[in-house]
Amino acid sequence: MDKIFEVEKLNSIRNEMTHLWGSVFVTAGGTIALILEKNKEFLVYMFIIAGCFFTLLLINAYFIRRTEVVKILKSLEEEQCLNG
C-alpha cells in the first residue's frame, strides 16, 4: 500500500513540475518582452522587476520538487532492491 502512495505522489509532483516549468517560460517570456519594449515607463520597470522575481521563485520551486522526485525514486529503488 505504501508503494502505491509513493507512486501516486510521484505522479502528482511530476504534474506540478510540468505546470511550474510552463509558468517559468510564460513569466520569463513576458519579462523579456517588457525588457525589449522601447517606451519604458515606471510601471513597466515595476513589471520587469516583478517578472524577474517570480521567474526566480518558480525556478526555485521547480528544483525543490525535482529534488523531492529524486528522493522518492531512490526510496522506491531501495525498496525494490530489498524486496527482490
Side-chain angles (χ1 to χ4, degrees):
M1 187 69 161
D2 189 40
K3 184 176 180 181
I4 295 171
F5 173 76
E6 292 288 324
V7 171
E8 288 299 320
K9 183 176 178 183
L10 186 62
N11 289 333
S12 176
I13 292 172
R14 283 190 296 205
N15 188 28
E16 185 179 343
M17 286 174 63
T18 302
H19 292 294
L20 285 169
W21 194 242
S23 299
V24 166
F25 275 101
V26 169
T27 308
T31 303
I32 291 170
L34 288 174
I35 289 171
L36 297 177
E37 183 180 321
K38 299 280 185 209
N39 299 337
K40 291 188 180 124
E41 297 176 2
F42 177 73
L43 189 60
V44 174
Y45 285 115
M46 294 304 292
F47 282 131
I48 290 171
I49 292 169
C52 291
F53 173 75
F54 284 117
T55 300
L56 292 174
L57 185 75
L58 290 168
I59 289 172
N60 184 42
Y62 177 85
F63 282 109
I64 288 171
R65 289 302 192 187
R66 185 181 181 280
T67 304
E68 194 171 345
V69 165
V70 170
K71 190 186 322 179
I72 291 171
L73 286 174
K74 284 184 181 182
S75 72
L76 285 173
E77 182 181 27
E78 288 175 1
E79 184 179 317
Q80 186 175 358
C81 288
L82 291 176
N83 290 337

Rounding to 0.5 Å, atoms CG (L43) and CG (L34) come to a distance of 9.0 Å
Which residues satisfy the side chain to side chain contact (heavy atoms under 4.5 Å, CB included) test with I59, sequence neighbours excluded?
V24, T55, F63
Using a side-chain heavy atom cutoff under 4.5 Å and only I, L, V, M, F, W and Y, what cluster partners does F53 have?
F54, L57
Quick one: name the residues clustered hydrophobically with I64, using the 4.5 Å side-chain heavy-atom rule over I, L, V, M, F, W, Y, and just say none if it's on its own.
none
Which atom pair, heavy atoms only, marks the closest approach of G51 to T27?
O-CG2, 3.6 Å
With sequence neighbours left out, write down each residue that passes side chain to side chain contact (heavy atoms under 4.5 Å, CB included) with V69, or none if nothing qualifies.
L10, I13, R14, M17, L73
Does I35 have any side chain to side chain contact (heavy atoms under 4.5 Å, CB included) partners at least two apart in sequence or in another chain, and if so, which?
T31, I48
Pairs touching residues 22-44 that satisfy salt bridge (charged side-chain N to carboxylate O under 4.0 Å, His left out), sequence neighbours left out:
none
For K9, all residues meeting salt bridge (charged side-chain N to carboxylate O under 4.0 Å, His left out), sequence neighbours excluded:
E68
Within residues 17-34 or reaching into it, pairs that qualify as salt bridge (charged side-chain N to carboxylate O under 4.0 Å, His left out) - sequence neighbours excluded
none
Closest heavy-atom pair, N39 versus V44, reported as atoms and distance to 0.1 Å, is O-CG2, 4.4 Å
Interatomic distance, S12 atom OG to E8 atom CD [nearest 0.5 angstrom]
8.5 Å
Sorted by first residue and then second, give each ring-ring contact (aromatic ring centres under 6.0 Å, His included) pair with at least one member in residues 15-48; sequence neighbours left out.
W21-F25, W21-Y62
